[in-house]
Amino acid sequence: MEKYILAIDQGTTSTRALLYNHQGEATFKAMREVKCLFPKSGYVESNAIEIWISVVDVINEVLIKANIDFTQIDSIALTNQRETTVMWEKDSGKPVYNAIVWQSRQSADICARYEDKKEYIQAKTGLLINPYFSASKIIYIFENVPSVKERAKRGEILFGTIDSWILYRLSNGKVHNTDITNASRTLLYNIYEHRWDDDLLKLFDIPRAILPEVKPSSYDYGVASYFNDYTHIHALAGDQHAALFGQHCFNKGDFKNTYGTGCFMLLNTGKTPITSQNGLLTTIAWQIGDEITYALEGSVFVGGAAVQWLRDGLKIIRHAYESESLALEVNDSEGVVVVPSFVGLGTPYWDDDVKGAIFGLTRATKKAHIARATLEAIAFESKDVIEVMKKDAGIDIKELRVDGGATANDVLMQFQSDILGAKILKPTSLETTSLGASYLAGLSSHFYRDIKEIVSLNKIAKTYTPKMSKEEIKRRYDLWLLAIKATQTFK
Ligand code: ADP
């Protein structure tokens with residue numbers, strides 16, 4: 001009887017279940033959309049009970065589709081949207097407020113109070129003081145939901161990121177744990193000393209009693225007793241961390257970029273946490289046994305979203321994939337540079353007030369040039385982050401592993417390879433997040449013997465090799481930097 005790992009990927013807008021066989025192939029899938037609520041401008045919340053229902057639904061659906069029952073499930077792997085915050089009653093398991101989603105800005109004012117503690121916080125957590133991370137979301141609930149803080153102090157309330165919330169429910173309220181990758185996104189976990197940080201808990205006035213116990217990413221979290229008394233949960237990991245693992249970035253210097261709405265880049269920095277001088281985040285990549293691996297993380301706000309702008313804003317394409325054929329109508333962007341900084345500039349410029357711009361227009365400029373320059377911009381933005389990563393980590397990045405919707409675009413991928421002077425590897429399975437979680441579970445449950453066995457499962461669908469000369473790279477990148485400078489003066 002063939003066995004599978006049941007991977008749950010709980011994302012911002014959907015929950016998915018995938019059944020992985022021993023070859024690391026997703027054989028069956030189920031998906032439910034999850035609603036985001038926007039109670040006020042800048043607020044993003046989700047109903048935590050709906051999230052839990054979606055998990056139960058996709059598990060049932062995928063088993064029915066595969067026509068199997070839990071006896072063929074080796075173990076459960078859970079990966080999730082990070083930082084999103086849930087608080088619930090210890091006794092009843094009932095949430096006291098909606099899940100506050102990572103993107104939500106509703107705790108921005110709370111973060112502003114700690115602006116002068118920026119370096120102190122970074123030195124413990126590797127993070128910046130920002131509403132993304134869970135701490136200010138917890139404080140928001142304390143300040144906006146009557147009596148929750150008092151009850152939390154009495155030990156009646158629990159906190160968890162989504163992994164912890166689902167684990168609590170799957171275990172029928174028996175296990176209140178989280179994994180170290182999710183803990184490292186709360187702004188409460190000391191990533192250097194590997195413990196909840198008492199000084200930070202004091203600073204934020206958050207009672208320790210609400211916090212889950214922190215465990216490795218690959219670990220036996222116990223039985224999913226909501227379903228039965230024999231199927232164990234063997235992995236928890238934040239989505240980007242699981243994706244890094246799913247991309248086989250097991251060694252120091254291995255790097256992946258996810259080209260979705262935004263771009264998310266993680267560099268495996270091995271056993272050493274590296275502090276960035278340029279606004280990158282230091283984070284825990286994963287923990288297996290006693291061994292902790294660190295990563296540097298950077299992101300680009302507008303990645304594939306720039307292609308959405310071509311489609312919905314400029315209306316020069318009808319579908320995202322048409323950006324490729326349109327760009328191919330010209331051989332070159334011919335001096336046109338698009339800077340899609342629609343929501344300010346992130347790493348390494350950190351300039352909130354910048355607007356987007358198009359430079360280098362002539363009478364000969366066509367839609368195709370703008371499409372091509374927009375795709376190139378995604379690659380330039382990624383290069384900006386990668387250059388900083390290389391500098392901060394003192395590591396050369398020779399190879400890039402990629403995933404996400406926009407990797408379907410060959411023009412973008414080839415230009416990315418060219419402008420970086422680095423090889424790009426695209427795996428056959430772009431579902432790297434759930435795949436990585438399944439690997440982590442399989443290592444703990446002994447579905448896989450060791451990491452060597454997983455390495456042998458590596459399947460690359462396409463490789464892009466750089467073709468641009470050093471001089472040309474410099475010429476093109478200098479032009480991009482000039483355009484960035486110009487946008488910073490136009491305010
Ligand atoms: P997310 O997980 O952020 O929703 P996806 O990984 O699903 O993102 O990727 C969707 C993004 O990729 C969209 O922003 C879309 O514009 C872009 N995209 C999808 N297909 C292509 C394509 N062929 N060329 C360029 N961009 C694309």
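Remember, predicted model here, so these are calculated numbers, not experimental data. Whatever order the structure lists them in is the order used to number ligands and atoms, beginning at 1.
- We find that K65 and E61 are joined by a salt bridge, their nearest charged nitrogen and carboxylate oxygen being less than 4.0 Å apart.
- In this structure, R185 pairs ionically with E297, as a charged nitrogen and a carboxylate oxygen lie closer than 4.0 Å.
- Every residue two or more places apart in sequence or in another chain that forms a side-chain contact (heavy atoms from CB on, under 4.5 Å) with T261 is listed here: A305, Q308.
- Under the 4.0 Å criterion applied to side-chain N and carboxylate O atoms, E329 and K367 are not assigned as salt-bridge partners.
- No close placement of the F38 and Y43 rings is indicated, their centers lying 6.0 Å or farther apart.
- At a threshold of 4.0 Å, the pair E471-K474 does not count as salt-bridged, since none of the basic side-chain nitrogens sits closer than that to a carboxylate oxygen.
- For ligand 1, residues of the protein lying within 4.0 angstrom by heavy-atom distance are G260, T261, G304, A305, V307, Q308, A320, Y321, S323, G404, G405, A406, A408, N409.
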